[in-house]
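Note on naming: letters A, B, ... go to the chains in the order of the sequence lines (proteins, then strands), and numbering restarts at 1 for each one. Computed from a predicted structure; not experimentally measured.
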There are 2 protein chains.
Amino acid sequence: MTVKQRREREKEEMRTLILDSAHKLFIDKGFDEVSIRNIAEAIEYSPATIYLYFKDKNEIFHALHQEAFRFYNQFNIELPAIRDPFDRLVKMGEKYFEFMTLHPKYYNIMFLMEAPMRNDECIDEWEEGAKAHSFFEQTVLECMEKGYLAADDHRVVALTIWSYMHGICSLIIRNRMKMYPEEIREQIQKQSFELFMNKIRKR
Amino acid sequence: MTVKQRREREKEEMRTLILDSAHKLFIDKGFDEVSIRNIAEAIEYSPATIYLYFKDKNEIFHALHQEAFRFYNQFNIELPAIRDPFDRLVKMGEKYFEFMTLHPKYYNIMFLMEAPMRNDECIDEWEEGAKAHSFFEQTVLECMEKGYLAADDHRVVALTIWSYMHGICSLIIRNRMKMYPEEIREQIQKQSFELFMNKIRKR
DNA sequence: CAAAATTAATGAACAGTGTTTATTAAAAAT
DNA sequence: ATTTTTAATAAACACTGTTCATTAATTTTG
């Protein structure tokens, strides 16, 4: 049965070869701008070959979506070490914002694009995303226990914070901040973040 | 010079014919799923004709983007009649949410898609959008004057509120709420909105 | 080891996309 | 009536995702 094993390993290697290549192209062009033919050319195989390893373009999308969350968790690796939950929450927000700024293509696929969420199976394979989210909710809960946040349903509070963060991030990423002149935009964003954190903090 | 006038009128009629048709198709298919050939077929002209009236697909996009904001303002026509600014603000939020729910294709083009904001000229032609936004900022300012909101930079507060509203709306529209079971999702959204409104309200 | 069976890779095609251009048909001006 | 201007189009270009019959390589069997 050693042949079958090697076969399977080779299949896996090919999959990662395709994904790595798709990944590289995707990072500097954006997903919609990367075609199957582009990927095929990069790995020096024919376009049809890719369909032996992935059902369709969406499945590649899906795989990259998962990888983006892995990368996001790596990006936030320092967070659990922050003992004070409110400090951690604030840092989490800053990191979220920083991630969006530094890796807009990732942010796009994780939260903005509709494609990777069309299928239903994507919940099962959202392990890394679920991890990030539950860590976030846990931090909110701890903030309540330590009296930094008022006692509410912590899931509701978490959703509210995330909504705000995601809202401002996607307005920026999608260029919907033109009503604020370029020079003051960053200032206003910063002020807004501080205001929000102040408003939800228990007084 | 009566010929030139008629010519111009006909040109304008053709433009609106194309736009109306594009609009109809767009509403039930979404912009990316509507092709120039689809539009051409609907108005019974050749695809090339459309390029005599619009530079490219993005220009059609742009026109629909404007129309969406006109429609949005119509949708909110009852708002200015609400005298109490905080009541108005709350209603504005509810209407924003309702708009997203009832007209996701519009919401998509207005705030989510990247295409219509690629060019730089789109600021000048954003009259209806600017109108909606300044009315919103004005309401926030009034809320401060009447003591419903703490005295802060009203533009910063407005951005914060909008970010929250846009955040939750786009999470919903883009199917990023799967961590909350279907049954309780609506409940949680409602609770979040109430929580947010309570937190920003002056105490 | 040779023949048969399985597997992997591909070229070519299909049906679609946005966009351009040379050509034709119609209308207006001379 | 003839020339000029304008409008509309067919056809093409260079792409896209995807499928499938054919070929080439590899593994299994006799």
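- Rounded to whole Å, atom C1' of D:dT19 lies 11 Å from atom CG of A:Leu52.
- In terms of position along DNA chain D, the nucleotide closest to B:Met14 lies nearer the 5' end than the nucleotide closest to the other residue of the pair B:Met14 and A:Asp32.
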Notebook entry, point to check: Given the rule in the side chain to side chain contact (heavy atoms under 4.5 Å, CB included) test, do A:Arg15 and A:Phe54 qualify, once you have shown the distances and angles that lead to the verdict?
Noted result: CA-CA 8 Å; A:Arg15 268 183 75 96; A:Phe54 293 92; 3.4 Å; yes

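- With rounding to whole Å, A:Glu10 atom CD is found 9 Å from C:dA8 atom P.
- Nearest nucleotide to the side chain of A:Arg7, out of D:dA7, D:dA10, C:dA8: C:dA8.
- Put simply, CZ on B:Phe31 is 13 Å from P on C:dT17, counting in whole angstrom units.
- Between D:dT16 and A:Ser35, a contact under 4.0 Å exists linking OP1 or OP2 to a side-chain N or O.
- Between the side chain of A:Asn76 and the backbone N or O of A:Lys95 there is no donor-acceptor pair closer than 3.5 Å.
- Between C:dG11, D:dT27, C:dT19, one nucleotide has an atom nearer to the side chain of A:Ala48 than all others, and that is C:dG11.
- D:dA8 atom C1' lies 11 Å from atom CD1 of B:Ile43, rounded to whole Å.
- Annotation for B:Met165 and B:Gly93: closest pair CE-O, 3.3 Å, computed over non-hydrogen atoms.
- Counting any heavy atom pair closer than 4.0 Å across all strands shown, A:Thr49 reaches a base atom.
- In this structure, of D:dA10, D:dT26, C:dG18, it is C:dG18 that holds the atom nearest to the side chain of B:Ile36.
- Summarising the geometry, the separation between NZ on A:Lys29 and P on D:dC15 is reported as 11 Å, rounded to the nearest angstrom.
- Going from atom CD1 of A:Ile39 over to atom C1' of D:dT16 covers 12 Å, rounded to whole Å.
- Relative orientation of the A:Phe99 and A:Phe71 rings is tilted, given thresholds of 30° and 60° on the angle between their planes.
- In this structure, the OH atom of B:Tyr45 is 17 Å from the P atom of C:dA25, given to the nearest Å.
- Residue A:Tyr53 is in sugar-phosphate contact alone, with no base atom involved, counting any heavy-atom pair closer than 4.0 Å across all strands shown.
- Nearest-nucleotide mapping onto DNA chain C: of B:Val34 and A:Glu44, the residue sitting toward the 5' end is A:Glu44.
- When atom types are taken as modelled, the side chain of B:Arg155 and the backbone of B:Glu137 share no donor-acceptor pair closer than 3.5 angstrom.
- Relative to the side chain of B:Tyr51, the nucleotides C:dT19, C:dT10, D:dT18 differ in distance, and C:dT19 lies closest.
- Checked by distance alone, B:Arg37 brings no side-chain donor or acceptor within 3.5 Å of a matching partner on the base of C:dG16.
- D:dT18 atom C1' lies 15 Å from atom CG of A:Asn38, rounded to whole Å.
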